[in-house]
There are 2 protein chains.
Amino acid sequence: MAQPKKAASIWDVARLAGVSHQTVSRVVNGSPRVAAATRDKVLDAIAELGYRPNRLARSLAGGAVESVTVLAADTSLYGPEAALRGIEKAARSLDWSVQISVLDPADTHSDADIIARLPRAGEPTIIMAHDEPGMRAKQVLLDTQPQAMVAIGPYTAEELAASPWLVGMDDGKAAAEATKYLLDLGHETVHHLAIPTSTGTFGGGKAHRAEGWSRTLREAGREVPDPVPSGWTFAEAFKAVQPLVADPSVTAILCGNDHLALATLRAAHLAGRSVPGDLSIVGFDNTPFTAYTTPALTTVNQDFESVGRGAFELLRHRIDGSNPRPKPSWPEPELIVRETSGPPRPRS
Amino acid sequence: MAQPKKAASIWDVARLAGVSHQTVSRVVNGSPRVAAATRDKVLDAIAELGYRPNRLARSLAGGAVESVTVLAADTSLYGPEAALRGIEKAARSLDWSVQISVLDPADTHSDADIIARLPRAGEPTIIMAHDEPGMRAKQVLLDTQPQAMVAIGPYTAEELAASPWLVGMDDGKAAAEATKYLLDLGHETVHHLAIPTSTGTFGGGKAHRAEGWSRTLREAGREVPDPVPSGWTFAEAFKAVQPLVADPSVTAILCGNDHLALATLRAAHLAGRSVPGDLSIVGFDNTPFTAYTTPALTTVNQDFESVGRGAFELLRHRIDGSNPRPKPSWPEPELIVRETSGPPRPRS
DNA sequence: ATAACTCGAGTGATCGTTAACATCACTCGG
DNA sequence: CCGAGTGATGTTAACGATCACTCGAGTTAT
């Protein structure tokens, strides 16, 4: 087995180039105060040794912070995944490195566990706080290092504007919009298949999508049916939605996300109800597959990527006050009407 | 704004506890040679200051390597995402931290760019080498630090057994199995909508799924139609598959992954062809949504999570030869028959 | 002609942690 | 009663990089 010979350090380069280690550092970091001839010598030595600076040592030495850690429980959902992409892009363009730590939803992490995820105290952190483990992590970080953390989640416009460490989108408004659309179509009322709230059990924590939906119904003077709680998976949603699709009086269902909507579509099909003839289904998030189901899902688009970008900018501001505080903003939700929604069948 | 007061270091704890910093280090690392009374004092001090060890400094000081970096281009695909989950879990259980660096497929990274992703020379790295940026990264790492890298990708059993830094699944065999299934159903031949190969353009690099498919057809003495190249996105697949669904002589399509299969299903529906009556469609990967489409997709299950776990184990072995070399293994593909496949309609 | 300034490069401290070695107080056997 | 062993600590030196200084030589200003 080949001897894993130690990697070259800045001193090795310095020795080979016949200069001091500091000069090498200057070359590497692009300092202007180094003669061209010296620079070339150093560059040659770097190439010959295959030297690459050690990021760990760099940030230890008090160089500028250059990494973010993202804490998330479920990156298989489209929302978090897209937000992550936004963070990645924004960070990458500034040469920050991005570390992702996945919180296990099954596992009950102790507070110390969560903190141990961070490579160092004060590590800049972005938390995907859309579910229970995320909310938990948010609280822990808020207690230990509030200056270097930002959370992404669904909130109302007021909450977003008020909190200096929060970024997100106005889920309530998006839900209201979708609900209004269904009512305008002529549906008597709209049922709701709800994603779990941040506290894990439905009804406990905040549920902005459900709130926007119920508020709209109330304002329109309609009956507000009990929301149906579902888990995050297809299987859970499929099971939870059964009573809804079996009930012929239900003509419209607003689903908490597109996964639930797909499961609802499937359940409706198996129950022999035609969509959108007998039943209108509206999803949430505009997950890529929604445009290609049959029938294609009507859904609400959310620009998660820009939310991720926003989170990174806010974090930079909070770490280093000199960066301008990006003004709180949230992308406008946009209803995308496809084929699973339509007017209810006239009563016979 | 609250002064971001510096985090407590091992020295601060030592001072407060009235011991040397080394004793604190011993307590933190669970060394046995510390008196119980001293340990308690130190523990108290740690609690009071909210001290947490700095991972960066720890590994700088030559402590055991404890992090992996995963290089991947597209984590939105189910395969890489699941493999990543496998790596995460395996790493987490050993208290390693996982860093994920997303390679931008659009961006053309220079070799130096790729290397700069790693926090230090010799950083243990796992590469998702299923697409062009991944293959590129694999080559770069193989040149610079072959001892500390492992690649995940689709390969034949022979390739996997031969290469000491490769982990993956036998895509060719899986494709062969699916193709054989369709032939046994009575289809004259099977068409193939192919994912991009590792070199980006179809036909250039290796395409194990396509190879397994064509080999099976040849062995059965059937005509081998030209495979139809597609991109990774739904939109590209939808466009690419048009000629296939428009051709009534096509009765079976094996798709390179489930995304392509969903797009094909949609295209077939819009072209007025019934599935599986007129056309059988088989996907690849058993992405979660496939069980909930209408009709539900027949597909080939691959245990990506165990591949990810295997990659991590192999990496550990390669870094530290004392760990037993996990014997090369790859999960058996499993055909999952749902509703998009059936015998061809008898000729009229 | 001499003080003042500029430019290029070197020296030493520092970051937080662990490894290796040194020290010191006991206990135990002869 | 003394040397060896042992268990609990302290001391010093890395690790790889940056930063704040310092210093000498050449240029410019007075």
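Each chain gets a letter, A, B and so on, in the order the sequences are listed, and its residues count up from 1.
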Rounded to the nearest 0.5 Å, what separation is found between the OG atom of Ser163(A) and the CG atom of Leu314(A)? 8.5 Å
Between Glu313(B) and Arg309(B), is there a side-chain N and carboxylate O pair less than 4.0 Å apart? no
Ignoring backbone atoms, test whether Asn54(A) places a side-chain nitrogen or oxygen under 4.0 Å from the OP1 or OP2 oxygen of dC15(D). no
Arg52(B) near the nucleic acid: base, sugar-phosphate alone, or nothing, with a heavy-atom cut-off under 4.0 Å? sugar-phosphate
Base, sugar-phosphate alone, or nothing: which one does Arg33(B) contact when heavy atoms must sit under 4.0 Å apart?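 Answer is base: heavy atoms of Arg33(B) come under 4.0 Å of a base.
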Restricting both atoms to N or O, compile the protein contacts to nucleotides 10-14 of chain D shorter than 3.5 Å, with distance only.
residue: dG10(D); atom: OP2; partner: Ser20(B); partner atom: N; Å: 2.6
residue: dG10(D); atom: OP2; partner: Ser20(B); partner atom: OG; Å: 3.2
residue: dG10(D); atom: OP2; partner: Thr23(B); partner atom: OG1; Å: 2.9
residue: dG10(D); atom: N7; partner: Arg26(B); partner atom: NH2; Å: 2.9
residue: dT12(D); atom: O4; partner: His21(B); partner atom: NE2; Å: 3.4

Does Glu66(B) reach the side chain of Arg55(B), with side-chain heavy atoms less than 4.5 Å apart?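 Yes, at least one pair of side-chain atoms sits under 4.5 Å.
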Parallel, tilted or perpendicular: ring planes of His21(A) versus Trp11(A), cut at 30 and 60 degrees: parallel
Residue closer to the 5' end of DNA chain D, Val28(A) versus Ala36(B) (nearest nucleotide):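 Upstream on the strand: Ala36(B).
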Between which nucleotides of DNA chain C, read 5' to 3', does contact with chain B run, using atoms under 4.0 Å from its heavy atoms?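 Range of nucleotides within reach of chain B: dG16(C) to dA20(C).
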Backbone N or O of Ser76(B) within a donor-acceptor pair of the Asp74(B) side chain at under 3.5 Å? yes
Check: Arg52(A) side chain, Leu118(B) main-chain N or O, donor-acceptor pair, under 3.5 Å: no
Closest contact, heavy atoms only, Val34(A) versus Arg39(A):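 Minimum heavy-atom contact is CG1-NH2, 3.0 Å.
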Closest heavy-atom contact between Tyr51(B) and Ser9(B)?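 Closest approach of Tyr51(B) to Ser9(B), heavy atoms only: CE1-C, 3.6 Å.
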Rounding to a whole Å, what distance do you find between Arg58(A):CZ and dA17(D):P?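 Atom CZ in Arg58(A) sits about 8 Å away from atom P in dA17(D).
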Distance, rounded to the nearest Å, where Arg55(A) contributes CZ and dA17(D) contributes P: 13 Å
